[in-house]
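Data first, discussion second: the structure below is written as structure tokens.
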Amino acid sequence: MSNEKVLEEVLNERLVLASGSPRRAEILNAVGWPFEMVAANIDESRFESEAAVPYVRRLAQTKAETVAKNQRSGLVLGADTVVLVDDEILGQPLDAEDARRMLKLLSGRWHEVLTAVALLCVGEDRSVVDHEQTRVRFAEMSVSEIDWYVATGEPMDKAGAYAVQGRAALFIEEIQGDYFNIVGLPVRLVHKLARKIQEV
């Protein structure tokens, strides 16, 4: 089968995004991948001593499985993103003070962004999961710059307390790896897994 035909089949498969994230939705829309959104309301607590990669992979899988239970057909896509600095996992900030703490940790330094992606075929015993890792370097941020950024409200629902596609772009010096991974959905990896699950 030609690559064009395979791509057409993948994009025509019914896709359910197990997320309420507008950023993930924007990425799928940008590449012309039709989908439906169903938020997966799960407990995102981390197990004691659970490392970052197993943690995000477990959450992505759990999101996909939770939403798949109420679907009749198609592929369900679960994803989860965290920021990792000094082996500390930064999820979404609890409040403005927590956002300031995270941004101070990131200021002037490299960190990693991890996004796990899980795809599950409804009604069949087929699923795949993988993750993407991207390195990001922040410029030095002054206290007033951190206060200004937190006051915009943008950090409050973002892993690591920043949105690379938003105002935080003012403070990003360098990126190594997949930009879309930082936004929250490494769409190239999603495409790769969608092709892979057809062969499982």
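Positions are given from 1, in the same order as the sequence printed here.
Between the side chains of Asn181 and Thr115, at least one donor N or O sits under 3.5 Å from an acceptor N or O.
Looking only at distances, no side-chain donor or acceptor of Gln71 sits under 3.5 Å from a matching main-chain atom of Val16. Checked by atom type and distance alone, the side chain of Lys63 pairs as donor or acceptor with a backbone atom of Ala79 at under 3.5 Å. Thr134 places a side-chain N or O within 3.5 Å of a backbone atom of Asp178 that can act as its donor or acceptor partner. A donor-acceptor contact shorter than 3.5 Å is absent between the side chain of Arg126 and the backbone of Cys121. Side chain of Glu26 to backbone of Arg23: no donor-acceptor contact under 3.5 angstrom is found. Without hydrogens or angle criteria, Lys158 side chain to Glu154 main chain gives a donor-acceptor distance under 3.5 Å. At least one donor-acceptor pair under 3.5 Å links the side chain of Arg57 to the backbone N or O of Val129. Formation of a donor-acceptor pair under 3.5 Å by the Thr66 side chain with backbone atoms of Thr62 is found in this model. A donor-acceptor pair under 3.5 Å is formed between the side chain of Glu145 and the backbone N or O of Ser142. Remark: the backbone N or O of Val82 is not paired with any side-chain donor or acceptor of Tyr55 at under 3.5 angstrom.
Residues Tyr149 and Tyr162 keep their aromatic ring centres 6.0 Å or farther apart.
Using a 4.0 Å cut-off between charged side-chain N and carboxylate O, Asp80 and Arg58 make no salt bridge. For the pair Glu97 and Arg100, the salt-bridge criterion is met [side-chain N within less than 4.0 Å of a carboxylate O]. Arg109 and Glu173 are not joined by a salt bridge, as no carboxylate oxygen comes within less than 4.0 angstrom of a charged side-chain nitrogen.
For the pair Arg24 and Phe180, the cation does not sit on the ring face, since its NZ or CZ is not both under 6.0 Å from the ring centre and inside 45° of the axis.
Between His191 and Trp33, the ring planes lie perpendicular to each other; the angle is over 60°, past the 30° to 60° tilted range.
Here CZ of Arg72 is found 10.0 Å from CZ of Arg14. Values are rounded to the nearest 0.5 Å.
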